[in-house]
Amino acid sequence: MTFYDDIYPFYPLQRTSFVFSGRLLTIILVFLVLAVSFLLILPGIRGKSRLFWMFRVIIGLFIGVVIVALNFTNDWAEARTTTNATYKSFSNAVVNAEIGLHVGLYGINVTLKGNPVIQFNETIDYNEMFSWQDSIEKDYEDALEKGLPNPILYIAEKFTFNSPCGIIFQYAYSGRYASATLWTAFCCWMVSNILLSMPVILYAGYMMMATAAFIFFSMASFSTIMNLPQCIFSIGTGSLEADYSHSFWLALATGVLCAVIGFLVVMLDFLIPEKMREAFSAGVDSYDDEDVWYKEGYLNSMFLDGVTTTPLTSVITK
């Protein structure tokens, strides 16, 4: 037992690994509240339209939450390796650990997990975020001051402006344009949901297809990082090479879903426009008004005679 209780002097507290993103948790909770609020309306909807309305709300909110969440996930591309590497600077201590690189639209996460987790009387379980949204140089300097393990510092250094690899520029610009197109897709998604509640269902289908198009544009923007000369991440006896991961494939699936929905809405609106408006409750009130307007009516003939003949007889007598 040392004076610092097995904690390095430059660490004020024992480190804990990253558990879950606060932004993602907030986004999921907001959309869950919206989903519950809309589903509470279901008992007031009659007939078969209740099931259709439920699927419409669930699918619509799913697309919305995915588009927003993709902006803040850190697994558009990933790389992992298990190797023996030097643990700290100016030390000969070697640890066996799993090293991970997770690339998002705003930065990277570098993970280091020991195998086993506890080695050299220390818990080796790190998840460090380096963001290029503000300045990755500042994050790297803070990591140096904290004395983070060598594998984390080595990977972070590759993404600095002074690195010979120069990959930070393409990663930053690709992430920025991918995020911008995703927010545009979110705007198109909101417009399409508004139009689905109006008698312009055809344009709602067009906007859903536009949503899919902008999602595909964001994927194309992010994919440009794969066209760069691959910078080799050699750590100990292993190496890292990033490849597409969960968020990228989730974006692809959501884009295909939006494209299919938009195509079906446009085609069905051309083939059976009346049934489409009836399914989406668009234009029903106008038909009800017409039925009321053309209902058969009856007149009181005695009242009509009294109104028309009295003025005429009075005029003739005069």
Side-chain angles (χ1 to χ4, degrees), residues 1-22 24 72-104 106-132 136-160 162-168 171 225-226 228-249:
M1 187 69 66
T2 64
F3 178 75
Y4 293 99
D5 195 18
D6 295 330
I7 302 174
Y8 285 94
F10 36 75
Y11 286 120
L13 295 174
Q14 184 71 37
R15 297 191 55 79
T16 56
S17 62
F18 172 82
V19 179
F20 197 77
S21 172
L24 288 179
F72 304 103
T73 55
N74 293 314
D75 56 352
W76 279 74
E78 285 185 344
R80 294 178 184 272
T81 186
T82 301
T83 183
N84 295 318
T86 304
Y87 183 47
K88 294 286 185 179
S89 299
F90 310 107
S91 173
N92 295 325
V94 176
V95 296
N96 183 269
E98 181 185 41
I99 305 168
L101 171 63
H102 311 268
V103 182
Y106 293 104
I108 60 172
N109 272 77
V110 184
T111 60
L112 179 69
K113 188 171 184 179
N115 186 22
V117 176
I118 298 177
Q119 300 181 42
F120 302 108
N121 295 325
E122 183 179 352
T123 300
I124 303 175
D125 194 0
Y126 294 84
N127 189 320
E128 299 296 330
M129 177 70 183
F130 299 90
S131 174
W132 50 64
I136 197 170
E137 299 286 343
K138 181 64 169 59
D139 293 341
Y140 180 65
E141 292 177 1
D142 293 341
L144 288 174
E145 293 178 1
K146 293 177 182 178
L148 293 181
N150 270 357
I152 297 178
L153 295 176
Y154 171 77
I155 295 176
E157 185 183 9
K158 294 288 187 180
F159 288 89
T160 58
N162 297 324
S163 174
C165 290
I167 58 178
I168 177 61
Y171 272 74
I225 65 173
M226 298 300 176
L228 294 173
Q230 292 298 321
C231 187
I232 301 175
F233 297 88
S234 298
I235 303 174
T237 58
S239 60
L240 292 173
E241 184 175 353
D243 199 3
Y244 298 124
S245 188
H246 306 89
S247 293
F248 184 87
W249 301 119

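Computation of the quantities below employed the complete heavy-atom set of this structure, encompassing side-chain atoms and omitting hydrogens, waters and symmetry-equivalent molecules. FYI, the numbering just counts along the sequence from 1.
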Checklist entry - Does any non-hydrogen side-chain atom of L112 lie less than 4.5 Å from one of I124? => result yes
Item to check | Note, D142 side chain near E145 side chain (heavy atom, < 4.5 Å) | outcome: yes
Checklist entry - Which atom names give the shortest non-hydrogen contact between I99 and P151, and what distance separates them? => result CD1-CB, 3.8 Å
Checklist entry - Can any side-chain N or O of E78 pair as donor or acceptor with the backbone N or O of A242 at less than 3.5 Å? => result no
Next on the checklist: Quick check: F159 with F130 (ring centres under 6.0 Å apart)?
Outcome noted: no
Next on the checklist: Could you check whether any side-chain heavy atom of N74 comes within less than 4.5 Å of a side-chain heavy atom of M129, counting everything from C-beta outward?
Outcome noted: yes
Item to check | Spacing of I136 atom CD1 and E141 atom CD [to the nearest 0.5 Å] | outcome: 11.5 Å
Checklist entry - What are the two closest non-hydrogen atoms of D139 and S131, and how far apart are they? => result OD2-N, 3.0 Å
Checklist outcome for this item: Separation between CD (E128) and CD1 (I152), nearest 0.5 Å, reads 5.0 Å
Item to check | Test log, rule side-chain hydrogen bond (donor to acceptor under 3.5 Å, both in side chains), inputs Y87 and E122 | outcome: CA-CA 11 Å; Y87 183 47; E122 183 179 352; 2.9 Å; yes
Checklist entry - Backbone N or O of G147 within a donor-acceptor pair of the K88 side chain at under 3.5 Å? => result yes
Checklist entry - Closest heavy-atom contact between E157 and T160? => result O-OG1, 2.6 Å
Checklist entry - Crowded around K113 NZ? As in, over 12 foreign heavy atoms under 6.0 Å? => result no
Checklist entry - How far does OH of Y106 sit from OG1 of T73, to the nearest 0.5 angstrom? => result 10.5 Å
Item to check | P149 side chain near Y126 side chain, heavy-atom distance below 4.5 Å | outcome: yes
Item to check | From I168 atom CD1 to I108 atom CD1, the distance as rounded to the nearest 0.5 Å | outcome: 7.5 Å
Checklist entry - Are any non-hydrogen side-chain atoms of H102 and H246 less than 4.5 angstrom apart? => result no
Next on the checklist: Within this structure, what is the CD-CZ distance for the pair E241 and F233, rounded to the nearest 0.5 Å?
Outcome noted: 10.0 Å
Checklist outcome for this item: Between the CH2 atom in W76 and the OG atom in S247, the distance rounded to the nearest 0.5 Å is 6.5 Å
Checklist entry - Is there a side-chain contact between I235 and I155 (heavy atoms, below 4.5 Å)? => result yes
